[in-house]
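Counting starts at 1 for both ligands and their atoms, following the listed order. By convention here, the first residue in the shown sequence is residue 1. Just so it is clear, the model here is predicted, and its values are computed rather than measured.
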Amino acid sequence: MTQMKCACHGLVNFSSHSPNTLRRSLLKAAITVPAITSATTWAASHDPDTVFINGKITTLDAAHSTATAIAVKQGRITQLGDDATIRKLVGPNTRIVDFKGKRVVPGFIDAHCHPMETIYMQNDWVDARYPEVPTVNAALERIQAWANKTEAGKWIFVACVSASQNKFLEKRLPNRGELDRAAPNNPVVLANGTHMAVANSMALKMLGVTKGISKLKHGGSALLDATGEPTGVLTDVQADVPTTPTVEEMRDYYSTGIQKLWNQYGFTSVLAITPSAALPVMQHVAQHAKPPTLRYTVSVWTSSNAHDMPEDLSGFEMPIGTNPDFYRFGGIKDWVDGENDCRTGYMYEAYIGHAETDPPGNKGTLVTPQTDIDRVVRIAAKQKKFSMLHCSGDRAMDMGLTAIEKLMYSNKGNTLARIEHFGMFQMKASQLERARKLKPRGLHISIQPTWLLELVKADFENMPAAVAKTGFQFRKMIDAGLEPAAGTDMTGIYMGNINPFTAMYASVTRNSDRGVFQPEQAVSVTEALSMWTIWAARSIGESKLKGSLEIGKYADMVVLSDDIFVISQDKIKDLTVASTIVNGEVVYS
Ligand SMILES: [Zn+2]
């Protein structure tokens, strides 16, 4: 549930530069010997700014090297080695930081998240999420209390939880009539995750949904009853519902508040999926605010079906004056379908339905037709950006793979295209095989391992068991060479799924909300770390700069509270961050 304006048109037209070129020249500058003016200044200019010593450093480079010390200059790693070697580099102005024998790994990269929606949910949403809100009645009480202090006519947004109609005591969502009674003078939209919502009568009216109208302007759909009357259930209305942030909120999002949330969980970079309507504010902040403590690679979406994605993406570039080490426009996103947890992922087989929200024989929703999927992939590749195709259901996954095959089998150059939520809810052997063949040509996949702890039970309630048991097959994906990139999807569905350690714990132990699930799909600790670091970096085309600790790369690191390679697997979920280091500076401790 996010943004209303499909405002790719009328975006602020900042003149753009090529971040890649800029980044390359900066990288070069960082490792090139500067002009010598005198022996003293030369020596001083070559001293590291900081050396970090006495660590157990897992570099995750190709050789899986380890080290105990790292030298850093101007935010980049200039040397790795043992303490004695690195200490020799110390000059009069070098700062020495002691890792105190702790395990150090590359900074985490969140390869799929929604920071702006996180801001909304923190500030402007009625929180009716399970388990704190366990029943429909409790949710309605919260909505009523919010409505009582809200001026008439103002929109009210309610955060529910995907699959929560399975979780609420009543096994259903609040309905249109109940929302009318709880908030008679306000338009209300209750979001069951991103892909399903229930609206009250005033909201339906304001969205233009009346008798017989089942399609909304920006890709959403309305469920009608037998008489053609809208039931209040809406699907994929993330671009239709007007949740507009204030400029102040956006500033906070990009400059101070929100990055601290990611930093405290060890994140040093995010792929921030951003609505085009919000992009001008980000561009403005990127140009004018001081460097943040989190590196933002931005992926832009317009409407949910990408029908209004412009052919020319240059308006999405970060403006001149932006520090390309911290802000980069990387790609564009399209939703091929809904999502299986609320039974709108586009499937070959019918879901096990809920009569009050689902059409009979429901097989989910196709949001973007094949020709438009093909178009998104083509537009991105033409401009050397990556495309992100959200594919939840198996039928949508085949369509996404088809679009990428069309591009990659006709295109000589290597190009990067991604499938989001690959194989999370289900995966066919044929799809794994198609992806395996595309990987060397530039296919990357994003996965959300935390969902093992949240959605396996719902999968078995929503889908036939034979389908549900094919979800989350991380071992198979890795063995096929797919290098899955992990993302929190904060806050595509949940608010509380930002912790990468619980995700690693689930990936390694296969613990789920339905007990141990498919234990043969377990991954190693190194693989679990790679999902959040080097594979994530590759999935956004930035592995030359991020994802492992190597000379020339950003000095972005996480110091762990305990040694992830030594503690029992069960304890991985209890790990915390001792400190997060971005650009050679401690930004969280
Ligand atoms: Zn998402």
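Partner R343 forms a salt bridge (charged side-chain N to carboxylate O under 4.0 Å, His left out) with one of D337, D459, D358 and no other, that one being D358.
Restricting D489 to its N/O/S atoms, the shortest distance to the Zn ion (ligand 1) is reached by OD1.
Looking only at distances, no side-chain donor or acceptor of T322 sits under 3.5 Å from a matching main-chain atom of P324.
When distances to the Zn ion (ligand 1) are checked against a cut-off of 2.8 Å, H114 contributes an N, O or S atom below that limit. Using a cut-off of 2.8 Å, one finds that H112 contributes an N/O/S atom close to the Zn ion (ligand 1).
At a threshold of 4.5 Å between non-hydrogen side-chain atoms, the residues L279 and Q283 count as touching.
No hydrogens or angles considered: a donor-acceptor pair under 3.5 Å links the side chains of S539 and R418.
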